[in-house]
Amino acid sequence: MQPDLHSRALAAHTLHQFRTLSPLTHCMTNEVVQSFTANTLLALGASPAMVIEPEEASQFAAIAQALLINVGTLTQARATAMRAAVEQAQQAKTPWTLDPVAVGALAFRRRFCLDLLALQPAAIRGNASEILALAGMNGVGRGVDTTDTPAVALPAAQTLARQVGTIVVVTGEVDYVTDGQRTVCVSGGDPLMTRVVGTGCALSAVVAASCALEGDRLNNVASACSWMKQAGQRATEQSTGPGSFVPAFLDALYNLNAQEQA
């Protein structure tokens with residue numbers, strides 16, 4: 001069955017809900033991308049917070065409306081804090097999202113991510129190699145980079161979604177968003193987005209925040225992917241390279257509105 005193409009009109013409607021709610025999003029993300037991630041959420045209208053101390057992380061997960069776990073710069077101490085936050089989020093019924101950065105290349109983070117799957121993430125967002133590895137298949141990756149295509153990883157994503165009971169997002173030139181039964185694809189973006197550190201990690205934070213919205217979670221997550229791809233296209237038109245892309249991208253996110261998306 002061919003995936004459905006996600007509607008920009010639906011993305012516009014979801015963006016209005018997102019900005020109205022302004023979800024408080026607890027980002028336990030990697031050190032390389034914290035500022036960019038926070039600015040991305042702010043540009044879209046969410047409220048980011050970066051709390052990493054184990055005792056505070058657990059407390060804050062009960063306050064936040066969404067939680068992101070990104071294992072990009074994982075350490076034993078961070079793993080302890082992240083697990084405490086996820087356990088509290090599960091108890092508080094706070095949706096949490098997993099970004100399994102480089103999970104196929106490194107054993108410690110792979111074990112950690114596999115253990116976390118039992119705590120029922122609302123969503124998982126990764127590139128093709130990461131999703132293949134998380135599903136127990138051999139993805140071809142170089143750390144955070146992938147040499148697999150999203151289409152190749154789609155069957156693994158669908159199986160993983162069914163097994164865990166979650167939404168799985170495989171990102172690349174085309175993003176596939178699936179709950180194991182339904183699948184939508186989101187086109188757009190630009191290759192320049194891969195020349196800037198943090199666009200994928202920031203997308204994971206936006207996906208996490210979108211899980212706080214009411215309604216169909218599959219469509220809410222697909223809308224998050226759509227906002228990022230639209231902003232990436234517009235920013236590329238306004239920039240001359242990676243250095244000018246970042247401010248243009250944040251501006252494009254901030255200026256997205258229903259009239260322009262329809």
Side-chain angles (χ1 to χ4, degrees), residues 5-19 22-23 25 27 29-30 33-46 48 66 68 70 72 97-99 101 122-128 130-131 144 146 150 167-178 184-213 217-239 242 244-258 260-262:
L5 182 64
H6 188 65
S7 162
R8 284 202 173 189
L10 180 56
H13 175 72
T14 309
L15 180 60
H16 176 72
Q17 290 181 293
F18 187 89
R19 287 178 168 159
S22 186
T25 308
C27 298
T29 192
N30 73 71
V33 303
Q34 284 187 346
S35 177
F36 183 67
T37 297
N39 283 333
T40 295
L41 287 170
L42 285 168
L44 277 169
L68 168 67
N70 175 309
T97 293
L98 175 64
D99 186 338
V101 178
I124 301 169
R125 199 294 309 173
N127 65 35
E130 291 162 349
I131 296 303
V144 299
T146 182
I167 305 296
V168 177
V169 186
V170 190
T171 51
E173 186 175 347
V174 174
D175 295 347
Y176 292 100
V177 184
T178 184
V184 297
C185 62
V186 184
S187 59
D190 190 272
L192 185 57
M193 297 176 75
T194 65
R195 298 295 182 179
V196 174
V197 171
T199 52
C201 295
L203 170 58
S204 293
V206 178
V207 165
S210 75
C211 288
L213 300 178
R217 183 165 286 165
L218 178 79
N219 284 322
N220 291 342
V221 170
S223 292
C225 295
S226 179
W227 307 331
M228 296 289 279
K229 282 192 174 293
Q230 289 179 61
Q233 281 184 296
R234 296 181 188 186
T236 300
E237 295 167 0
Q238 302 296 322
S239 60
S244 54
F245 175 85
V246 172
F249 179 69
L250 294 175
D251 285 349
L253 288 172
Y254 179 78
N255 288 311
L256 282 178
N257 60 56
E260 291 173 337
Q261 291 189 76

Using distance only, find each side-chain donor-acceptor pair of residues 192-199 under 3.5 Å and give its atom names and separation, not counting sequence neighbours.
residue: Thr194; atom: OG1; partner: Pro191; partner atom: O; Å: 2.6
residue: Thr199; atom: OG1; partner: Met193; partner atom: O; Å: 2.9

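For the residue pair Gly189 and Gln233, the shortest heavy atom distance occurs at O-CG, 3.2 Å. When every heavy atom of Pro23 is checked against every heavy atom of Ala212, the shortest pair comes out as CB-CB, 4.0 Å. When all heavy atoms of Ala252 and Ala235 are compared, the closest pair comes out as CB-N, 4.5 Å. In terms of heavy atoms, Phe18 sits closest to Leu213 at CA-CD2, 3.8 Å. Closest non-hydrogen pair, Asp99 versus Ser204, comes out as OD2-OG, 2.7 Å. What you find for Leu68 and Ala208 is that their closest heavy atoms are CB-CB, 4.1 Å.
Contact of the Val174 side chain with the Cys185 side chain is registered, since non-hydrogen atoms from C-beta on lie closer than 4.5 Å. Side-chain contact between Glu237 and Asp190: absent, with no pair of heavy atoms (C-beta onward) separated by less than 4.5 Å. Looking only at side-chain heavy atoms (C-beta outward), Ile167 and Ile124 stay at 4.5 Å or farther from each other. For the pair Thr40/Leu250, a side-chain contact is recorded, criterion being any heavy-atom separation below 4.5 Å from C-beta on. Annotation: side chain of Cys27 is not in contact with side chain of Gln34 (no heavy-atom distance under 4.5 Å).
To the nearest 0.5 Å, the span separating CG on Leu253 from CH2 on Trp227 amounts to 10.0 Å. Considering SG of Cys225 and CG of Asn220, their distance stands at 11.5 Å, rounded to 0.5 Å. One distance of note links CG of Leu42 with OH of Tyr254; it measures 11.0 Å at 0.5 Å rounding. The CZ atom of Arg19 sits 6.0 Å away from atom CG of Leu256, with the distance rounded to the nearest 0.5 Å. In this structure, SG on Cys201 lies 4.5 Å from CG on Asn70, to the nearest 0.5 angstrom. Note that CG of Leu10 and CG of Leu15 are 11.5 Å apart. Values are rounded to the nearest 0.5 Å.
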Does Leu41 form a side chain to side chain contact (heavy atoms under 4.5 Å, CB included) with Val206? I'd like the steps, not just the answer. CA-CA 6 Å; Leu41 287 170; Val206 178; 4.1 Å; yes
Intermediate values then yes/no, side chain to side chain contact (heavy atoms under 4.5 Å, CB included), Asp175 and Lys229: CA-CA 9 Å; Asp175 295 347; Lys229 282 192 174 293; 3.1 Å; yes
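Between the side chains of Arg125 and Thr97, no donor-acceptor pair of N or O atoms lies under 3.5 Å.
Formation of a donor-acceptor pair under 3.5 Å by the Thr25 side chain with backbone atoms of Pro48 is not found in this model.
Here the options are Ser223, Ser210, Ser226, the test is side chain to side chain donor-acceptor pair (under 3.5 Å), and the partner is Thr14; only Ser223 passes.
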